[in-house]
2 protein chains.
Amino acid sequence: MSEIICTVDIVLLTLKEECLHVALLRREHEPFKGVLALPGGYIHAEEDADTHAAAVRTLQAKTGIASPYLEQLATFSGPGRDPRGWSISISYYALVPENLIGEAGHPHVELLPVERLKGLPFDHLQIVEAAVSRVRNKSSYSSLPVYLCGEAFTLPRLQAVYEAVLGEPVNKVSFRRKIDELGILEPIEGALETGKANRPAQLYRLRKEYRDRLSLTDRALNAR
Amino acid sequence: MSEIICTVDIVLLTLKEECLHVALLRREHEPFKGVLALPGGYIHAEEDADTHAAAVRTLQAKTGIASPYLEQLATFSGPGRDPRGWSISISYYALVPENLIGEAGHPHVELLPVERLKGLPFDHLQIVEAAVSRVRNKSSYSSLPVYLCGEAFTLPRLQAVYEAVLGEPVNKVSFRRKIDELGILEPIEGALETGKANRPAQLYRLRKEYRDRLSLTDRALNAR
DNA sequence: ATTTGTTAGTTGCAATATTAAACTAAGTTG
DNA sequence: CAACTTAGTTTAATATTGCAACTAACAAAT
């Protein structure tokens with residue numbers, strides 16, 4: 001009955017040079033040994049409390065990155081996607097600030113722009129595309145992109161992050177109003193981003209209660 | 001490695017007496033023999049092209065219903081959800097008009113209101129709640145609820161369906177404008193809903209290109 | 001045949017939301 | 001200290017929404 005191969009795959013996304021990048025690793029074993037692929041691995045029934053735990057464990061083991069925003073994306077399946085046989089991949093996506101990959105991430109993690117990816121094994125291209133599409137969609141009516149920022153950031157920076165994810169400019173006044181309505185940010189008292197040749201910007205941080213919870217709006221931030 | 005139990009479960013939803021109902025069946029085998037549960041079953045690796053095909057097959061076999069709007073919901077997993085061992089349920093949700101369950105559906109299908117469900121085995125309550133929540137959310141910015149209507153329906157009827165799903169009244173003028181913008185409907189030439197003691201309403205049908213594709217708006221139909 | 005009641009479908013307008021453009025604020029650089 | 005640059009706010013125009021009132025078209029009652 002169940003000679004089904006059960007795995008998890010993680011689409012770890014970050015913003016690098018104002019473009020979404022996905023973290024890939026060279027496979028250590030066959031099939032596709034040496035080929036760049038999504039971090040993933042078998043579910044360990046003895047050890048994992050559920051597939052989310054399997055994804056957390058796998059991401060930590062393969063990339064060194066712990067507890068980012070991690071959400072289930074979808075399950076991909078079929079007899080052809082893995083040459084070893086009928087397989088299931090419960091895929092997750094994660095968003096992290098770029099510096100976190102440099103600091104906590106293993107040195108062999110490679111970041112590639114999500115546009116014009118090619119040569120990915122299995123159905124990993126399809127999985128990445130689904131993740132990017134999900135992130136773009138969700139970003140237009142939620143606080144999702146804040147997870148691409150670090151601890152502290154300015155509103156102009158956050159706006160640039162939204163614009164990079166959405167792929168289009170957004171109105172400054174509307175953006176600030178929507179972010180205000182989301183109620184997710186708090187100003188860091190007395191902390192300004194100085195050093196640049198202009199008026200310094202207020203630094204903000206994510207409120208504690210939204211560290212791993214999204215905030216949603218009913219009106220989109222952009223025009224989609 | 002893989003003594004993992006792989007199943008699909010389907011949350012088949014319909015509108016009955018203006019309330020969302022879920023289709024349940026009494027389990028024929030242990031565990032939970034005789035208890036009302038979601039239609040579901042093992043993935044057949046020899047036979048199924050993927051989990052979507054497994055869901056279609058299972059739904060057809062257990063309820064007699066073929067090719068409704070069927071979409072993947074999420075994957076539920078863990079050692080405790082099924083007493084037989086570490087298991088995975090790739091769950092799907094489907095929307096059908098009520099009469100379809102009466103006609104094509106097997107006679108032992110039971111429809112229960114999704115509110116105040118209790119006594120469901122496994123984590124089926126959680127799965128139903130996730131499905132209902134997804135449907136409510138998606139309905140506010142898409143054409144999803146049309147799949148709860150039959151072949152032909154009037155705009156006032158469709159509005160009542162939206163209101164039942166969303167759980168709140170929607171503005172008539174705005175509703176009609178949004179539905180018009182969705183571009184999913186075409187009037188059935190010369191077909192009016194007669195017989196009632198008032199002006200007859202125009203009958204509409206879903207355009208061919210949207211029979212299994214949603215149409216989305218960026219502005220919600222309601223206030224959420 | 002005409003009036004009454006009821007719901008379908010539209011129109012006009014007031015209230016609300018969005019956005020562009022202009023403005024003020026506050027720093028660095030030359 | 002004038003020039004420049006970006007932060008953040010204000011104002012006004014534009015677009016969207018939603019209420020209320022309207023006309024339309026039927027059946028049932030008179």
Side-chain angles (χ1 to χ4, degrees), chain A residues 18 139-142 146 149 152-164 166-205 215-224, chain B residues 18 139-142 146 149 152-164 166-205 215-224:
Chain A
E18 306 296 274
S139 293
S140 70
Y141 59 93
S142 82
V146 298
C149 297
F153 48 87
T154 66
L155 287 182
R157 172 60 191 158
L158 184 59
Q159 179 172 351
V161 170
Y162 268 87
E163 289 174 339
L166 296 173
E168 64 184 10
V170 304
N171 180 277
K172 181 165 63 164
V173 177
S174 300
F175 177 77
R176 292 164 101 96
R177 175 168 24 81
K178 293 281 172 56
I179 294 296
D180 186 51
E181 283 166 8
L182 284 174
I184 51 172
L185 300 185
E186 59 187 10
I188 305 175
E189 289 300 328
L192 301 177
E193 185 195 50
T194 56
K196 294 209 288 186
N198 53 36
R199 172 173 175 177
Q202 175 67 51
L203 282 165
Y204 293 84
R205 69 178 148 233
S215 179
L216 306 176
T217 57
D218 50 338
R219 317 250 173 208
L221 280 112
N222 66 322
R224 188 170 339 207
Chain B
E18 306 295 275
S139 293
S140 69
Y141 60 93
S142 82
V146 299
C149 297
F153 48 87
T154 66
L155 287 182
R157 172 60 192 157
L158 183 60
Q159 180 173 348
V161 170
Y162 267 87
E163 289 174 338
L166 296 173
E168 65 184 9
V170 304
N171 179 275
K172 180 165 66 163
V173 178
S174 299
F175 177 77
R176 284 164 176 259
R177 187 180 29 233
K178 292 282 172 57
I179 293 297
D180 186 52
E181 283 166 8
L182 283 174
I184 51 173
L185 301 185
E186 58 188 9
I188 306 175
E189 288 300 326
L192 301 177
E193 186 195 50
T194 55
K196 295 207 287 184
N198 53 33
R199 174 174 174 176
Q202 174 66 52
L203 283 164
Y204 292 84
R205 70 176 148 235
S215 178
L216 306 175
T217 58
D218 50 337
R219 317 250 172 211
L221 281 111
N222 65 323
R224 185 174 335 208

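Numbers restart at 1 for each chain; the letters A, B, ... are given by sequence-line order, proteins then strands.
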What is the distance from [atom1] of [X] to [atom2] of [N], rounded to the nearest Å?
X        : N      : atom1 : atom2 : result
A:Leu158 : D:dA7  : CG    : C1'   : 15 Å
A:Asp180 : D:dG8  : CG    : P     : 13 Å
A:Arg176 : D:dT6  : CZ    : C1'   : 11 Å
A:Asp218 : C:dA17 : CG    : C1'   : 12 Å
A:Leu155 : D:dT6  : CG    : C1'   : 13 Å
B:Asn198 : C:dG9  : CG    : P     : 10 Å
B:Gln202 : D:dC26 : CD    : C1'   : 15 Å
B:Glu193 : C:dT7  : CD    : P     : 12 Å

Suppose we screen for side chain to side chain contact (heavy atoms under 4.5 Å, CB included). Which residues come up paired with B:Ala164, at least two apart in sequence or across chains?
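Testing B:Ala164 for side chain to side chain contact (heavy atoms under 4.5 Å, CB included), a comparison that skips the adjacent residues, returns B:Leu15.
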Can you name the side chain to side chain contact (heavy atoms under 4.5 Å, CB included) partners of A:Pro200, sequence neighbours left out?
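Side chain to side chain contact (heavy atoms under 4.5 Å, CB included) list for A:Pro200, sorted by chain: A:Leu192, A:Thr194.
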Under a 4.0 Å heavy-atom criterion, the protein footprint on nucleotides 11-17 of chain D, written with B, S and -, is ------B
If each of B:Lys196 and A:Pro200 is mapped to the nucleotide of DNA chain C with the nearest heavy atom, which maps nearer the 5' terminus, i.e. the 5' end?
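Closest to the 5' end, via its nearest nucleotide, is B:Lys196.
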Under 4.0 angstrom between A:Asn171 side-chain N/O and C:dA20 OP1 or OP2
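Yes, within the criterion.
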Can you tell me if A:Arg199 touches the phosphate of D:dG8, counting only side-chain N or O atoms and a distance under 4.0 Å to OP1 or OP2?
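Answer is no, no contact under 4.0 Å.
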Answer yes or no: side-chain N or O of A:Lys172 and base N or O of D:dG8 forming a donor-acceptor pair under 3.5 Å.
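When only heavy-atom distances are counted, A:Lys172 does reach the base of D:dG8 through a donor-acceptor pair under 3.5 Å.
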State which residue, out of A:Ile179, A:Leu185, A:Val146, A:Leu182, fulfils the side chain to side chain contact (heavy atoms under 4.5 Å, CB included) condition with A:Ser215.
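So the option named by the test is A:Leu182.
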Is there any side chain to side chain donor-acceptor pair (under 3.5 Å) pair reaching into residues 175-185 of chain A, and which pairs are they, with sequence neighbours excluded?
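Listed by first then second residue: A:Ser174-A:Arg177.
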I'd like to check the side chain to side chain donor-acceptor pair (under 3.5 Å) partners of A:Arg199; sequence neighbours left out, ordered by chain and number.
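Once residues adjacent in sequence are excluded, A:Arg199 has no partner under the side chain to side chain donor-acceptor pair (under 3.5 Å) criterion.
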With sequence neighbours excluded, residues passing side chain to side chain donor-acceptor pair (under 3.5 Å) with A:Gln202
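Scan of A:Gln202 (side chain to side chain donor-acceptor pair (under 3.5 Å), adjacent residues dropped) gives none.
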Between A:Glu18 and A:Arg157, does at least one N-O distance fall below 4.0 Å, as a salt bridge requires?
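Yes, A:Glu18 and A:Arg157 are salt-bridged.
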Look for any protein N or O under 3.5 Å of an N or O in nucleotides 2-4 of chain D and output each such pair with its distance, or none.
none

Considering residues at least two apart in sequence or located in another chain, which fulfil the salt bridge (charged side-chain N to carboxylate O under 4.0 Å, His left out) criterion with B:Glu189?
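Testing B:Glu189 for salt bridge (charged side-chain N to carboxylate O under 4.0 Å, His left out), a comparison that skips the adjacent residues, returns none.
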Set of ring pair (Phe, Tyr, Trp, His ring centres under 6.0 Å) partners for A:Phe175, sequence neighbours left out:
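Once residues adjacent in sequence are excluded, the partners of A:Phe175 under the ring pair (Phe, Tyr, Trp, His ring centres under 6.0 Å) criterion are A:Tyr162.
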